[in-house]
Amino acid sequence: MSQLPVIELNGVGVSFRGKAVHRDLSLRVEEGQIVGLLGGSGSGKTTLLREILGLLRPDSGSVRLFGIDLNDPDVQMQRNLRRRLGMLFQQGALFSALSVFDNIAFPLRELRCLDADWIRRLVHLKLAMVGLEPDHGKLMPAELSGGMVKRVALARALALEPELLLLDEPTAGLDPDRSQNFVELVGDLQRELGLTVVMVTHDLNTLAGLATHVAVLADQHIIAFGPKAEVMTVDHPFVTGFFGADRRKLL
């Protein structure tokens with residue numbers, strides 16, 4: 001395991017229109033962990049993902065990925081850092097005017113160092129990794145089922161072979177069977193690729209099937225972080241209400 005954490009947030013604070021969303025928030029995620037990020041509606045879970053991605057600069061505190069401060073002025077260093085991240089958005093966020101192939105190829109083309117043949121090979125490889133066939137690359141997003149949208153979005157998130165994968169409600173909108181299949185897919189890829197994963201989820205089955213650790217965001221900061229069994233014992237209204245009588249699902 002790397003000595004440096006993959007993610008390290010220290011004393012992070014952010015406000016919108018004078019209202020604090022995060023205050024003195026700290027979190028440390030080590031290499032290979034799969035962290036389920038929990039919190040009530042409006043608690044700032046997606047905001048936290050945006051801070052980790054570097055899309056939102058906090059008002060105070062620091063955010064480091066792989067030991068690199070996101071405020072470091074070195075442009076090339078920041079560009080290289082972004083390539084170590086992959087993001088799967090809640091609704092997939094596929095480009096509706098682009099085919100499946102071109103959606104996955106998009107980040108590869110942005111590198112401007114790969115020829116068309118290499119891009120084609122890599123796109124087909126990523127499709128295979130998520131259980132899709134090369135012919136699926138010809139489809140448009142509007143022709144995809146909900147489960148296929150998730151798989152294509154995951155393939156695009158993995159296009160640059162990231163070390164850190166961020167997932168925002170990865171099984172939202174899927175029926176139980178497709179949800180379980182997607183959880184198993186992400187788990188298999190995490191083990192195969194050695195990914196570190198942070199996922200926002202409210203689904204206990206997803207949490208049980210994937211997470212090695214749980215972080216609870218409440219009262220504007222991380223109130224608990226650790227293995228699932230440990231976090232479930234925390235005496236806090238959100239934790240008690242979230243897990244309730246379903247605690248056995250996570251053990």
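With sequence neighbours left out, Leu139 forms a side chain to side chain contact (heavy atoms under 4.5 Å, CB included) with Val100, His136, Glu143, Leu144, Met148. Partners of Phe238 under the ring-ring contact (aromatic ring centres under 6.0 Å, His included) rule, at least two apart in sequence or in another chain, are Phe242. Take Arg23 and apply the side-chain hydrogen bond (donor to acceptor under 3.5 Å, both in side chains) test, not counting sequence neighbours, and it matches Gln220. For Asn80, the side-chain hydrogen bond (donor to acceptor under 3.5 Å, both in side chains) partners two or more places apart in sequence, or in a different chain, are Gln76. For the side chain to side chain contact (heavy atoms under 4.5 Å, CB included) test, residues two or more places apart in sequence or in another chain that qualify with Gln78 are Ile68, Leu70, Asp72, Leu81, Arg82. The side chain to side chain contact (heavy atoms under 4.5 Å, CB included) check on Asn181 picks up Arg151, Glu184, with sequence neighbours excluded. Shown here are the side-chain hydrogen bond (donor to acceptor under 3.5 Å, both in side chains) partners of Arg83, two or more places apart in sequence or in another chain: there are none. When the ring-ring contact (aromatic ring centres under 6.0 Å, His included) test is applied to Phe95, the partners found at least two apart in sequence or on another chain are Phe106. Partners of Ser99 according to the side-chain hydrogen bond (donor to acceptor under 3.5 Å, both in side chains) rule, which considers only residues two or more places apart in sequence or in another chain, are Asp102. With sequence neighbours left out, the side chain to side chain contact (heavy atoms under 4.5 Å, CB included) criterion links Asp115 to Asp117, Trp118.
A distance-only check finds no donor-acceptor pair linking the side chain of Thr201 to the backbone of Glu169 [under 3.5 Å]. Of the possible polar contacts, none joining the Glu51 side chain to the Leu56 backbone as a donor-acceptor pair under 3.5 Å is found. Checking side-chain atoms of Lys45 against main-chain N and O of Gly40 turns up a donor-acceptor pair under 3.5 Å. Looking only at distances, no side-chain donor or acceptor of Ser179 sits under 3.5 Å from a matching main-chain atom of Asp175. Of the possible donor and acceptor atoms, one in the side chain of Thr233 sits under 3.5 Å from a partner among the backbone N and O of Glu230.
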Could you walk me through whether Leu193 and Met129 pass the side chain to side chain contact (heavy atoms under 4.5 Å, CB included) check? CA-CA 11 Å; Leu193 302 175; Met129 287 172 64; 3.6 Å; yes
Test side chain to side chain contact (heavy atoms under 4.5 Å, CB included) applied to Val152 and Leu132, step by step: CA-CA 8 Å; Val152 173; Leu132 297 177; 3.8 Å; yes
Run the side chain to side chain contact (heavy atoms under 4.5 Å, CB included) test on Thr206 and Phe182 for me, step by step, so that the C-alpha distance in whole Å, both residues' side-chain angles and the decisive distance to 0.1 Å come before the verdict. CA-CA 9 Å; Thr206 300; Phe182 194 75; over 6 Å; no
I'd like to know whether Phe243 forms a side chain to side chain contact (heavy atoms under 4.5 Å, CB included) with Leu38, so could you lay out the CA-CA distance, the side-chain angles of the two residues, the decisive distance to 0.1 Å, and finally the verdict. CA-CA 11 Å; Phe243 294 109; Leu38 309 180; 3.8 Å; yes
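Rounded to the nearest 0.5 Å, atoms CG (Leu154) and NZ (Lys150) are 10.5 Å apart. Once rounded to the nearest 0.5 Å, the distance linking CZ of Arg156 with CG of Leu98 reads 9.0 Å. We find the CD-CG distance between Gln90 and Leu167 to be 11.5 Å, quoted to the nearest 0.5 Å. To the nearest 0.5 angstrom, Glu133 atom CD is 10.5 Å from His124 atom NE2. Atoms CD and CG, on Glu163 and Leu165 in that order, are 12.0 Å from each other to the nearest 0.5 Å. Within the model, atoms CZ of Arg79 and CG of Asp74 stand 10.0 Å from one another, a figure rounded to the nearest 0.5 Å.
Taking every heavy atom of both residues into account, Pro107 and Leu160 meet most closely at O-CD2, 3.8 Å. Taking each heavy atom of Leu195 and Gln190 in turn, the nearest pair found is O-NE2, 2.8 Å. When all heavy atoms are compared, the tightest approach of Ser96 to Pro141 is O-CD, 3.9 Å. The shortest heavy-atom contact between Met199 and Pro170 is SD-CG, 4.4 Å. Leu65 approaches Ile52 most closely through the heavy-atom pair CD1-O, 3.2 Å. When all heavy atoms of Val234 and Thr240 are compared, the pair lying nearest together is O-OG1, 4.5 Å.
Within the 4.5 Å cutoff, the side chain of Leu37 has heavy atoms near those of the Ile222 side chain. The shortest side-chain heavy-atom distance between Arg191 and Asp188 falls under the 4.5 Å cut-off.
For residues 52-70, every residue pair satisfying the side-chain hydrogen bond (donor to acceptor under 3.5 Å, both in side chains) rule, not counting sequence neighbours, is listed here: Arg57-Asn71.
Clustering ILVMFWY residues whenever any of their side-chain heavy atoms sit less than 4.5 angstrom apart, transitively, puts Val183 in a cluster other than the one holding Val200. Hydrophobic clustering of Ile, Leu, Val, Met, Phe, Trp and Tyr side chains at less than 4.5 Å, counting indirect connections, unites Val149 with Leu158. Note: the hydrophobic cluster containing Phe225 also contains Val6 (ILVMFWY, side chain heavy atoms under 4.5 Å, direct or indirect links). In the hydrophobic clustering of ILVMFWY residues, with side-chain heavy atoms under 4.5 Å counting as a link, Val130 and Phe101 come out together. With hydrophobic clusters built from ILVMFWY side chains whose heavy atoms lie under 4.5 angstrom apart, Leu166 shares a cluster with Leu217.
Checking Ile7, Val29, Leu53 one by one against Leu164, the side-chain contact (heavy atoms from CB on, under 4.5 Å) holds for a single residue, Ile7.
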Distance-only donor-acceptor hits, side chain of residues 207-216, under 3.5 Å, sequence neighbours excluded:
residue : atom : partner : partner atom : Å
Thr212  : OG1  : Ile34   : N            : 3.0
Thr212  : OG1  : Ile34   : O            : 3.2
His213  : NE2  : Gln33   : NE2          : 3.4

